[in-house]
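Because only heavy atoms are used, hydrogens play no part in the values below, and waters and symmetry mates are left out as well, while side chains stay in. Every number for a ligand or one of its atoms is a count from 1 in the order of the listing.
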Amino acid sequence: MKKFFLFVILTCSPLFAQYTPAAPGQNDPVEPFRIIGNIYYVGASEVTSYLITSPEGHILLDGGFPETAPIIERNIQKLGYKLSDVKILISTHAHYDHAGGLAELKRATEAKLYASAPEIPLLAAGGKDDFAFGNRFLFPPVKADETVKDNQVLHVGSAAMKAHLTPGHTKGCTTWTAEVSENGEKHTAVFVCSISMPGGYKLVNNAKYPQIADDYKQTYKKLRALNADVFLGSHASFWDMEGKRKKMGSGANPFVDPAGYKEFLDDNQKVFEAELKKQEAAK
Ligand SMILES: [Zn+2]
């Protein structure tokens, strides 16, 4: 009987009933680890989350799927940090695999959520009326407390994250950078929002997003101009987290990878340009 009630509670739980479930293989737990300087990995196997720490408090980037939030919370605590010391919550973009856990993380940390103006309504709607997906990928709605502008730097003590609006994948897709130093060397870490075009994005005559192709073009220019050397992003596969983790502790920090960042941009831009050409020819 008890088992039966537990089953009913679990399967009827609003978390599982209302929202899009985590994609298989993307939400496996990962032991948290330090990437470089004050940047720590606290996310899952494919959907990422980062903690940027300072003695005065921390910044947390991205919340994964709804089911990722408990993994992130556990990882922060495993590192010896308190959830209540997270003072600012930020995100790359309002898709269910990165913003899904934000509502729970905001509740647990009581941090202020900052988002770019175009992402705020999509976060508040829990992914409803997405220009590409409609109502297909829904997540717990979350209210932003503050708007973050292009080139704005957010600070918690000595922890700082700079916002770069890189629209295309979503209208307010935000790439973040952080300045770090390790062994007396300065580095710029980049947390790429996303430049993919999932499920055949409409780049030409897109009534819901007319300037989409121009936005992608500007975004590529902007990402190249960042001159970042620590390559990170919203998906672990973007920056080969698994491959790089295996190289940790044997000489140079594997996450310093300016060539990998450039290659990522080159590869994606080729796909974008070919797709744009194809769609323009077909119009
Ligand atoms: Zn996305």
Side-chain angles (χ1 to χ4, degrees), residues 19-27 43-50 60-69 71-72 89-105 113-142 144 148 163-176 190-203 206 208-209 211-213 215-220 222-223 231-241 261 264-265 267-269 271-272 275:
Y19 305 118
T20 308
Q26 296 201 9
N27 196 45
S45 52
E46 172 63 6
V47 293
T48 62
S49 180
Y50 305 89
L60 181 63
L61 170 63
D62 272 349
F65 299 106
E67 300 94 320
T68 317
I71 296 176
I72 296 169
L89 195 54
I90 52 179
S91 84
T92 52
H93 62 289
H95 279 163
Y96 81 117
D97 47 349
H98 310 288
L102 291 179
E104 160 57 22
L105 290 164
L113 176 62
Y114 284 73
S116 69
E119 293 307 269
I120 288 176
L122 200 54
L123 289 169
K128 272 187 193 152
D129 204 24
D130 183 283
F131 81 85
F133 305 135
N135 294 340
R136 275 201 287 147
F137 300 110
L138 303 183
F139 58 87
V142 61
V148 67
H164 307 268
L165 296 200
T166 51
H169 184 78
T170 62
K171 293 179 185 179
C173 214
T174 309
T175 291
W176 296 88
V190 64
F191 307 80
V192 178
C193 179
S194 182
I195 40 179
S196 72
M197 304 172 291
Y201 265 27
K202 201 166 185 283
L203 300 173
N206 188 330
K208 290 200 163 172
Y209 191 173
Q211 76 280 22
I212 183 169
D215 275 2
Y216 269 105
K217 286 179 196 166
Q218 287 304 318
T219 283
Y220 277 107
K222 218 162 166 179
L223 290 174
F231 174 31
L232 306 167
S234 61
H235 283 266
S237 56
F238 288 175
W239 49 282
D240 187 23
M241 178 173 81
Y261 178 52
F264 172 77
L265 295 178
D267 290 350
N268 277 277
Q269 193 160 7
V271 173
F272 164 73
E275 182 62 28

Rounded to the nearest 0.5 Å, what separates atom NE2 in H235 from atom CE in M241?
12.0 Å
Can you tell me the N, O or S atom of H95 that's nearest the Zn ion (ligand 1)?
ND1
Return yes when at least one N/O/S atom of H169 is nearer than 2.8 Å to the Zn ion (ligand 1), and no when none is.
yes
Is C173 close enough to the Zn ion (ligand 1) to have an N, O or S atom under 2.8 Å?
no
Is the count of non-hydrogen atoms from other residues, nucleotides or ligands lying under 6.0 Å from K202 atom NZ greater than 12?
yes
Step-by-step ring pair (Phe, Tyr, Trp, His ring centres under 6.0 Å) determination, F264 to F238:
CA-CA 7 Å; F264 172 77; F238 288 175; 5.0 Å; yes
Would you mind telling me which of F137, F133, F139 makes a ring pair (Phe, Tyr, Trp, His ring centres under 6.0 Å) with H95?
F133
